[in-house]
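Numbers restart at 1 for each chain; the letters A, B, ... are given by sequence-line order, proteins then strands.
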Number of protein chains: 2
Amino acid sequence: MLPEHARAHNRSLVLQALFHQGPSSRADLARSTGLTRVTVSDLVSVLISEGLVAELGVRPEGRVGKPATLVGMRTEEFQVVAVDLADDASLRGAVMTLTGAVVARRTVSLDGRTGDAAVGVLEDLCRELLAAADRPVVGVGIGSPGVIDASGVVVQAPNRGWYDLPLADLLAERLGVPVQVANDANTHALGEYTYGGATGAGLMVVTVGQGLGAGIVLDGALVRGRAHAAGEIGHVTVVDDRDVRAGDPEPRPCACGRAGCLETLLSLPALRRATAGRTPQESDAVLASVGRKLGVALAPVVSALNLAEVLLSGPPELLDGALRVEALATLRARTLPLLGQDLVLRMGSLDEDGALSGAAALVLSGQLGVT
Amino acid sequence: MLPEHARAHNRSLVLQALFHQGPSSRADLARSTGLTRVTVSDLVSVLISEGLVAELGVRPEGRVGKPATLVGMRTEEFQVVAVDLADDASLRGAVMTLTGAVVARRTVSLDGRTGDAAVGVLEDLCRELLAAADRPVVGVGIGSPGVIDASGVVVQAPNRGWYDLPLADLLAERLGVPVQVANDANTHALGEYTYGGATGAGLMVVTVGQGLGAGIVLDGALVRGRAHAAGEIGHVTVVDDRDVRAGDPEPRPCACGRAGCLETLLSLPALRRATAGRTPQESDAVLASVGRKLGVALAPVVSALNLAEVLLSGPPELLDGALRVEALATLRARTLPLLGQDLVLRMGSLDEDGALSGAAALVLSGQLGVT
DNA sequence: TCGATTAGTAAGGAAGGTGTACTAACAAAC
DNA sequence: GTTTGTTAGTACACCTTCCTTACTAATCGA
């Protein structure tokens, strides 16, 4: 650990405080970071010279003493490019401000391209978005399905035909801009933490889309796992022979080659198939049974990690009803009351752009140290 | 972050390298820590002046260049006091060297005392052990059941009658020695990581004793959880009405007030009761069924965290047979092959003194930054 | 014997943060 | 109106920490 690392850390501390608390005086920042006013002044002057921070004038409230000069992060004067690769058919991208507001959108079709051709499509989309930005771009953030390591190498993403592809380095070189890549469900969790106001003390975000994924944030940091595959809960078995004997329908075969995986019940295709043509009552019963399976599967995770919040991300009409209620009831019933009673199970705060916000959060985290 | 924090970090880096790699030259340390030889020399000279490190003479092997002077951590010249409070009837303590070798033991009976009286018994035991040490004592480490926060406050330990008790600070003041306190299952995990050679990239240690506990180490650090209750997997429900319909015996009532908790099947009393008077074949069948329940409960945790190792701690005659085999088979069958195939499920490397080693590891971690 | 290589140290410098002391600006009390 | 107390921000000297560079020491191999 070098002095410059400490410096970078303190710089992030200041930026983080400004990002989450909004405009503050240097003295406020000194109090909330634990640094001295002198050090904060120095850091702020550097940040101002870089354009990341600006003085906003004197604080209006009349308190005793010299009135404070507010400084704020210029979140609207910089932009990030965010790309969501979750969909198999098309790439969705956006230019966003640092607060996550969408400035411009682009969507391109993959037309079945994979491997290098898919990288080419992605690169073109990024170029188009970089050109669409009307402010300096801090970096490019990409949320992709698959297993991705901490340095942005796609270890495997079968649907894109990518294996051991150093996507972040490759795009950074071609685009001339910093690029961050991470698993889409993981970035989603980071997004809920950074933009959605979720706790960093024990957060799990369950993303229901074409498949089922999850991301976990503990102590403010993403959990990556031994093989960078943390969060892959879609293929936990939740229906087996014993469940059938107890009255469950036969387990459905799964794309992974097994049967009875959670993803065969809890994914958009599965939920739509299960509720299609049903009355609301019938649908609720089906959704409740899925919620129960989710609760059973999550109970050990909530217990082992003593999670504070579990968020669901996906269409509210499917998730935010009987499914969520039953999942929470099941979780409460199957965990130690101390653990379950204060647990929050709610819908994510980010809308359908959650994946993009997550990718943007990835850039904030990687380039500015702000989470 | 102050320069002195960076300094402390680098100091721990050097100690950690010496602890795990054994005697090394200053140049070796520079290479493995990433610091320069100059800085390492400086840090080593401080450590030598404190007596923690000593020069051991010239490295025997003849390589080109000036022969290296080996320096090593004086692990036998310092001791720690470790106490295990897992047992309801008595307190077990030991004086250990920094490598975890037991120098002296003491056990005292609680005789049913709780609350302040139990603290008194613990304090007396610590004094006795401190007196029994024949080398400078680095600190006192205590593994206790219950919920304990990061600063050593026992939030609740019902069996001892402790609630919001700042045990670490209290004993540190009375004994005049640094004191570290943590949950017994968590310290156990730390012990397996520090002394048992387990990975720090995703480790869970399941401790089977009077009850059932677990500790999780991710990225080299203990997971604490929102309410400091991480690892409390004993009261996850694993037998419910549906399981009964599928052929399971009726769920047993649990001390927590519910029924069908994992702890009602997987704990020493439960396992002894279930195997008492059975033939080996019958016992194995029972143990296998418990192993299956454990595997079902752990599958979501292994998947969500992408764990590398799960260790079992407890009597091998009960755990290291059908139970372990069936648990591993169940885990493999119920998780994504990518996650399950490389998963290791084995017995912990530490023997019956595992809890004490864990408490010692707590001191090493807290006082010297070595894990 | 001489060059190459490695270990370790000394000296100077750069970076980063603090402590102290100062000015500026305001509110409340007298 | 003046004084007193409080808060904000900055200037400057100092301390800590690490690095770079340059040096000595010790060994091997040609």
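- Sorted by first and then second residue, the pairs that involve residues 66-81 of chain A and meet salt bridge (charged side-chain N to carboxylate O under 4.0 Å, His left out), not counting sequence neighbours, are E77(A)-R135(A).
- The stretch residues 357-371 of chain B participates, sequence neighbours left out, in these side chain to side chain donor-acceptor pair (under 3.5 Å) pairs: Q180(B)-Q367(B).
- In this structure, R226(A) has no side chain to side chain donor-acceptor pair (under 3.5 Å) partners at least two apart in sequence or on a different chain.
- Sorted by first and then second residue, the pairs that involve residues 33-44 of chain B and meet salt bridge (charged side-chain N to carboxylate O under 4.0 Å, His left out), not counting sequence neighbours, are R7(B)-D42(B).
- No option in V363(B), L171(B), L362(B) other than L171(B) meets the side chain to side chain contact (heavy atoms under 4.5 Å, CB included) test with I142(B).
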Side-chain donor-acceptor pairs under 3.5 Å in residues 17-25 of chain A, sequence neighbours left out?
from   : atom 1 : to     : atom 2 : distance (Å)
S24(A) : OG     : G22(A) : O      : 2.8
S25(A) : OG     : A27(A) : N      : 3.4
S25(A) : OG     : D28(A) : N      : 3.0
S25(A) : OG     : D28(A) : OD1    : 3.4
S25(A) : OG     : D28(A) : OD2    : 3.2

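- In this structure, L35(A) atom CG and dT18(C) atom C1' are separated by 11 Å, rounded to whole Å.
- Put simply, CG on L29(A) is 11 Å from P on dA8(D), counting in whole angstrom units.
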Which letter, B, S or -, goes with each nucleotide of nucleotides 4-14 of chain C from 5' to 3', with contact meaning a protein heavy atom under 4.0 Å? -BBBBBBB---
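- In this structure R26(B) satisfies the salt bridge (Lys or Arg N to Asp or Glu O under 4.0 Å) test together with E55(B), sequence neighbours excluded.
- For the side chain to side chain donor-acceptor pair (under 3.5 Å) test, residues two or more places apart in sequence or in another chain that qualify with S349(A) are R346(A).
- Listed by residue number, P3(B) are the residues of residues 3-23 of chain B with a heavy-atom contact under 4.0 Å to DNA chain C.
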